[in-house]
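Right, one structure below, let's go through it.
So that the names make sense, note that chain A is the first sequence line, chain B the second, and so on, each numbered from 1. Note that the coordinates shown come from a computational prediction; the quantities given were computed from them, not determined experimentally.
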There are 2 protein chains.
Amino acid sequence: MNIGQAARNSGVSAKMIRYYERIGLIPEARRTANGYRVYADADIHTLKFIRRARDLGFSIEQIDQLVQLWQNQQRASAEVKQIALQHVSALDHKIEQLRTIRETLSHLAQHCQGNARPDCPILEDLARGG
Amino acid sequence: MNIGQAARNSGVSAKMIRYYERIGLIPEARRTANGYRVYADADIHTLKFIRRARDLGFSIEQIDQLVQLWQNQQRASAEVKQIALQHVSALDHKIEQLRTIRETLSHLAQHCQGNARPDCPILEDLARGG
DNA sequence: GCTATTCCTTACTACGATAGTAATGTCAAG
DNA sequence: CTTGACATTACTATCGTAGTAAGGAATAGC
């Protein structure tokens, strides 16, 4: 299977497959005589795994750990759970930050007339520095 | 006032002040004979404004608009409100995405024993592709 | 006057993840 | 034999911030 097919089958672009190979997230692919990379079903499986993990917002570094745990039959689920919970915690933190910002802005916007006059609490807040 | 003092007074690093100047967010600073940038209190005011807007997650492009509106006495508050509400909407979208991911992950983690055995719904989900 | 320290300057590099480009090579079908 | 689809590498861009290096300039102490 060439890289293009692998890309279509896995949902990871050819570009990103090469990138993942370069940074060592996936091993170097076997090559045909003309230098084309060759992929087997097992590789597609791994790529799908990576793709899914990316969709869930895991960083490349975390995915690296998860892939290794995934391919290690002796792994302990505790390690995986820890990575997942770490990520959940990070997400909670980020969501809370965004929510705070959102509330501040929404509050300011509510008090802005939004008409043709220049009075605007949003700009006043930005200028005052909250 | 030199750039270092301006940085300390405004909370924007000297690095970023130069960067903002280079991309045109702020005008080119007046220079002393030896080439040092010179800042006045009004510039600090603007930098603080920018800093606050960055803290609220506005993009440079949005801040560019806000600064102009801020410095324009004839501006209409409606324009400002629109930018703010756009940003609120974008935040809502982003927060919702993160929340979905967070729920999925949390759910998976809850069903993971987290012990020394290899059974792990998190990895199974990643491999299946959700 | 010499030196040390601190500040300023520019220019370049890095980050993380992805996408785009260009130049070139190769395979398969018509 | 040409065309088109696909592959290769290498370079560039994104966004906002931080880091570095190499050098000029101000200031303070000796």
When rounded to whole Å, the OH to C1' distance for the pair A:Tyr19 and C:dA17 reads 6 Å

Can you tell me if B:Tyr20 touches the phosphate of D:dG16, counting only side-chain N or O atoms and a distance under 4.0 Å to OP1 or OP2? no

Evaluate the side-chain proximity of B:Asp64 to B:Ile60: yes if any heavy-atom separation is below 4.5 Å, no if none is. no

Counting heavy atoms from C-beta on, name the nucleotide in C:dA19, C:dT18, D:dT8 closest to the side chain of A:Arg54. C:dT18

Please tell me which of the listed nucleotides, C:dT18, D:dA25, D:dA10, lies nearest to the side chain of A:Lys15? D:dA10

Would you kindly give the CD-to-P distance between A:Gln5 and C:dA28, to the nearest whole Å? 12 Å

Rounded to whole Å, the CE-C1' distance (A:Met16 to D:dT14) equals 14 Å

Using whole Å, what does the distance between atom P of nucleotide C:dC7 and atom CZ of B:Arg8 come to? 6 Å

To the nearest angstrom, how far is A:Asp64 atom CG from C:dA17 atom C1'? 15 Å

Using whole Å, what does the distance between atom P of nucleotide C:dT9 and atom CG of B:Asn2 come to? 7 Å

Nucleotide C:dC27, atom P - distance to CD1 of A:Ile3 in whole Å: 16 Å

For A:Arg18, report the nucleic acid contact type (base, sugar-phosphate, nothing); a contact means any heavy atom under 4.0 Å. base

Do A:Arg18 and A:Glu21 pass the salt bridge (charged side-chain N to carboxylate O under 4.0 Å, His left out) test, and can you show the C-alpha distance, the side-chain angles, and the key distance before you say yes or no? CA-CA 5 Å; A:Arg18 295 195 191 97; A:Glu21 177 181 309; over 6 Å; no

Within-4.5 Å side-chain heavy-atom neighbours: A:Met16 and A:Arg54: no

Examine D:dT9: is either OP1 or OP2 under 4.0 Å from a nitrogen or oxygen in the side chain of A:Arg37? Give yes or no. yes

Is there a donor and acceptor pair closer than 3.5 Å between the side chain of A:Tyr36 and the base of C:dG25? yes

Rounded to whole Å, the CG-P distance (B:Leu47 to D:dT17) equals 13 Å

So, do B:Arg31 and B:Arg37 sit near enough that their side-chain heavy atoms are less than 4.5 Å apart? yes

Hey, could you give me the CE/CD1 distance between B:Met1 and B:Ile3, rounded to the nearest 0.5 Å? 11.5 Å

At under 4.0 Å, does any side-chain N or O of A:Arg22 touch on OP1 or OP2 of D:dT8? no

Determine: side-chain N/O of A:Asn34 to OP1/OP2 of C:dC27, distance under 4.0 Å, yes or no. yes

